[in-house]
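Everything on this sheet refers to the single structure shown next.
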Number of protein chains: 2
Amino acid sequence: MNDKTPPDENADQAAGGEANPPTLKTIAFMTGLGVTTVSRALKDAPEIGAATRQRVQLVARQIGYRPNRAGVRLRTGKTNVISLVLDTEEQVGGFVSDLIYGISEALAQTPYHLVVTPYSRNNDPLEPVRYVVETASADGVIISRTEPDDKRVRYMTERGMPFATHGRTHMGIDHAFHDFDNHAYSVEAVKKLAALGRKRLALLAPPSNLSYYHHMRDGFADALMEHGLSEVPFPMATVDHSIEDIRKQTVELMRRPNRPDAFVSGAGAGTFALVAGIEEAGFRIGQDVDIVSKQSSKLLHLLRPQLYVVNEDVRLAGAELARAVLGRIAGRDIAALQSLSKPKAVEAYETPAPGKSTD
Amino acid sequence: MNDKTPPDENADQAAGGEANPPTLKTIAFMTGLGVTTVSRALKDAPEIGAATRQRVQLVARQIGYRPNRAGVRLRTGKTNVISLVLDTEEQVGGFVSDLIYGISEALAQTPYHLVVTPYSRNNDPLEPVRYVVETASADGVIISRTEPDDKRVRYMTERGMPFATHGRTHMGIDHAFHDFDNHAYSVEAVKKLAALGRKRLALLAPPSNLSYYHHMRDGFADALMEHGLSEVPFPMATVDHSIEDIRKQTVELMRRPNRPDAFVSGAGAGTFALVAGIEEAGFRIGQDVDIVSKQSSKLLHLLRPQLYVVNEDVRLAGAELARAVLGRIAGRDIAALQSLSKPKAVEAYETPAPGKSTD
DNA sequence: AGCACAATCTGAAACGTTACAGTTCTTGCA
DNA sequence: TGCAAGAACTGTAACGTTTCAGATTGTGCT
């Protein structure tokens, strides 16, 4: 038993005083088995005896063995990394934090790590994706800001890189995604505003290159039609514009003779600017104008209870996206990895605990 | 030249049709040099001739050589990874996004990747740090929610893991950090409120286990003293509490006979709840009560121009923290890697472009 | 001419893992 | 009894890199 390996190698492990992390060799030495057997036993390979398997796994657990990621990666190419590709110009508002938390939570029970790969909106969005694929630095990728015809989707599909998108595409390529149903959202929003008697609606839309621009806009148009309402075009502002820009554009819009009497807003932060602009122009929310807004944080109602909101659970989106990439990596069927999150009902502000309310 | 390496190995490279990424061996074959020489030439080792060095580097650049991370990591232990340890219960408000963007930007020009290592506030904060250290899965760590006597700091110092903290400690261990000067912040805030004629101030403080609780509180106390003002204790709410909790506690506080006539708030999201609570209790910002708030997004003024704000640049903090860990990894002196961000002046709302203002 | 020495280059080994191609031992069956 | 087949295990090589210990030159000096 003692002569099967060169003595000096075992010495390291036998000394025991050292605290360098245990490797397969450590376990091999402790169990008297070969490194290959240990490797196999740990991954429940069929050609290992049940007794041996258990013994190896017991020892591994006892000494706190963890496979060396670099070793595995070098040998197999498997990185155990999911890359989240992020636009660093992204508007504030907690959106990204929640996405990251959601992904992290889903990844916590797995051997996967989350690495954030940034890019600037001004540069080519394909660039970071190409980097990840070319350097094989992740087993799967999550992207957002999905476009109807998205070259990143095409690229990763061609290169066989598993991925999931936050948002859908319309390019004849089937892929894993999670999306919020923005069509349903704006339909509900318009319905609410119609019920309130509003007639002339404006939409604070996403930038027109993104997929969900079309969903939100189509839902908006469909619902306007259905309720016999008209649209006041508001193309000078999108949720991507700066808060300052949106506010200014809103002021201008509200000073026009054909101003809207209601808004549907595609993003919480944008709604702050909308409200500010509307009020700066001299109108009042809930009276002159109604607004339905999507929000991912719960802040809007605190300062403008007159708003109507629909909450988007971005943390859930993160978890779903993680689930989806992991599924693709495991080779699961795409159809099972596509999810659409239906908006909850439009919420008005509920007056809090009984007592005096604001004057 | 042809007989120095086994023929089959070169065949791979010579075939050329394959698109597998170039390695040192590829360059070695192309230049006719040994792998060792190539490795050395690429890192400007002194024992390589100038001509050879240039030739190798030229070829490497031409064929787009990138060192295989797994190979480097396995051999040297260097991961080229910075781990950002995050509390996933963190309040919304864009704070974390900006931190990540700041770090990402600073890391973009380096070979470092950013991995997000999450933990729940309810579990042991040391746990994720121990994981990173034990598995040597990063070359450096960034932590937030720093405590005066922080066991993570002690642990990483003992184990020789380079790190930087967002926030300072007071435990006799010198280490890299970046911090916002919350002492100065609350001094300025109180000064502002004193100038407005406020007398009875309350503080929406951080949780008392965090370092910046003490800074903010001390600055608050010092300034109260200096201006001869008094404090209305408000210990039932901290910036860590949920929006809902803060709102409720604020309502209660404002209904007491000894209610405050001003607040200093340690966080933007908390301020939303403060405002809501104050107004729900029937008081008005700017009239019955004044508030000075820190904020990392620019949303507060949009809906309550009466607020006074101090902006905290969290993106900058991220960049500074990245700079600091990288410095530690490079062995730079700790003293050069400690930075404190002074608050800008307290800002009142500037009325925007000339025109009608809100009624 | 002989020799030391620097300059420049080199192969082999190692990091920890897995895949491949065995090797040994039992067992079942002709 | 002999032998094939399976069960259980093993060593070697390889992934791409860096380090170690040379090897091969050429140059200057005596």
Side-chain angles (χ1 to χ4, degrees), chain A residues 1 3-6 8-13 18 20-29 31-56 60 63 65-80 111 135-137, chain B residues 1 3-6 8-13 18 20-29 31-56 60 63 65-80 111 135-137:
Chain A
M1 176 191 283
D3 52 16
K4 64 171 57 170
T5 38
D8 48 347
E9 309 213 353
N10 293 338
D12 287 354
Q13 313 294 351
E18 297 294 316
N20 28 17
T23 69
L24 290 181
K25 199 169 13 173
T26 317
I27 302 178
F29 176 70
T31 55
L33 296 165
V35 171
T36 303
T37 308
V38 173
S39 171
R40 301 257 254 260
L42 286 176
K43 45 175 55 73
D44 288 323
E47 63 268 64
I48 301 296
T52 307
R53 183 186 4 260
Q54 291 198 4
R55 200 157 58 91
V56 169
I63 66 178
Y65 168 76
R66 302 180 203 246
N68 179 299
R69 306 189 122 233
V72 174
R73 179 165 173 180
L74 180 57
R75 180 61 234 243
T76 65
K78 181 142 215 281
T79 61
N80 284 303
T135 63
S137 58
Chain B
M1 179 190 282
D3 52 17
K4 64 170 57 171
T5 38
D8 48 347
E9 308 212 354
N10 292 339
D12 287 354
Q13 312 294 352
E18 296 294 316
N20 29 17
T23 69
L24 289 181
K25 194 159 33 164
T26 316
I27 302 177
F29 175 70
T31 55
L33 295 165
V35 172
T36 304
T37 308
V38 173
S39 172
R40 300 256 255 258
L42 287 176
K43 46 174 55 70
D44 288 322
E47 62 267 65
I48 301 297
T52 307
R53 187 190 354 264
Q54 291 198 4
R55 200 157 58 91
V56 169
I63 66 177
Y65 168 77
R66 302 180 203 246
N68 178 300
R69 306 189 121 233
V72 174
R73 179 165 172 180
L74 181 57
R75 179 63 233 247
T76 64
K78 182 138 213 277
T79 62
N80 284 303
T135 63
S137 57

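Side chains included, hydrogens not; waters and symmetry mates left out as well; all remaining heavy atoms used. Keep in mind that what you see is a predicted model, and the values were worked out from it rather than measured.
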field: Name of the residue among T26(A), L24(A), N20(A) meeting side chain to side chain contact (heavy atoms under 4.5 Å, CB included) with P22(A)
entry: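 Among T26(A), L24(A), N20(A), the one that satisfies the side chain to side chain contact (heavy atoms under 4.5 Å, CB included) with P22(A) is T26(A).
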Closest approach of Y65(B) to L42(B) (non-hydrogen atoms, all atoms of both residues): CE2-CD1, 3.6 Å
Interatomic distance where [atom1] belongs to [X] and [atom2] belongs to [N] [whole Å]:
X      : N       : atom1 : atom2 : result
R55(B) : dT8(C)  : CZ    : C1'   : 13 Å
L24(A) : dT10(D) : CG    : P     : 13 Å
I63(B) : dG16(D) : CD1   : C1'   : 14 Å
Y65(B) : dT18(D) : OH    : P     : 6 Å

- prompt: Atom OG of S39(B) and atom CG of L33(B): how far apart are they, to the nearest 0.5 Å?
  reply: 12.0 Å
Which donor-acceptor pairs under 3.5 Å do the side chains of residues 67-79 of chain A make with protein atoms, sequence neighbours left out?
unit_1	atom_1	unit_2	atom_2	d
N68(A)	OD1	A70(A)	N	2.8
N68(A)	OD1	G71(A)	N	2.8
R69(A)	NH1	H113(A)	ND1	3.4
R69(A)	NH2	N80(A)	O	3.3
R69(A)	NH2	P111(A)	O	2.4
T76(A)	OG1	V72(A)	O	2.6
T76(A)	OG1	K78(A)	N	3.0
K78(A)	NZ	N80(A)	OD1	3.3
K78(A)	NZ	Y112(A)	OH	2.7
T79(A)	OG1	V81(A)	N	3.1
T79(A)	OG1	D139(A)	N	3.1
T79(A)	OG1	D139(A)	OD1	2.8
T79(A)	OG1	D139(A)	OD2	3.4

N or O in side chain of T36(B) less than 4.0 angstrom from dT18(D) OP1/OP2: no
query: Think S39(B) has a side-chain N or O under 4.0 angstrom from the OP1 or OP2 of dT18(D)?
result: yes
- request: Report the nucleotide, chosen from dT10(C), dT18(C), dT10(D), that has the shortest atom-to-atom distance to any side-chain atom of L33(A).
  value: dT10(D)
- prompt: If you fit an axis to the five pairs at each end of the helix from dA1(C)-dT30(D) to dA30(C)-dT1(D), how big is the angle between those two axes, to 10 degrees?
  reply: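 Answer rounded to 10°: the end axes differ by 70°.
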query: Does anything in residues 67-80 of chain A reach DNA chain D, meaning a heavy atom under 4.0 Å, and if so which residues?
result: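 Here the set is L74(A), R75(A).
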message: If the condition is side chain to side chain contact (heavy atoms under 4.5 Å, CB included), which residues does A28(A) pass it with, not counting sequence neighbours?
response: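 Side chain to side chain contact (heavy atoms under 4.5 Å, CB included) list for A28(A), sorted by chain: V35(A), V38(A).
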message: Counting distance alone, no hydrogens or angles: does the base of dT17(C) have a donor or acceptor under 3.5 Å from a partner atom on the side chain of T23(A)?
response: no
For residues 46-56 of chain A, please give each side-chain donor-acceptor pair under 3.5 Å, one per line with the distance, not counting sequence neighbours.
unit_1	atom_1	unit_2	atom_2	d
E47(A)	OE2	R40(A)	NE	3.3
E47(A)	OE2	R40(A)	NH2	3.1
R53(A)	NH1	A45(A)	O	3.0
R55(A)	NH1	T31(A)	O	3.3

- prompt: Contacts to DNA chain C from residues 40-50 of chain B, heavy-atom cutoff under 4.0 Å, which residues?
  reply: R40(B), E47(B), I48(B), G49(B)
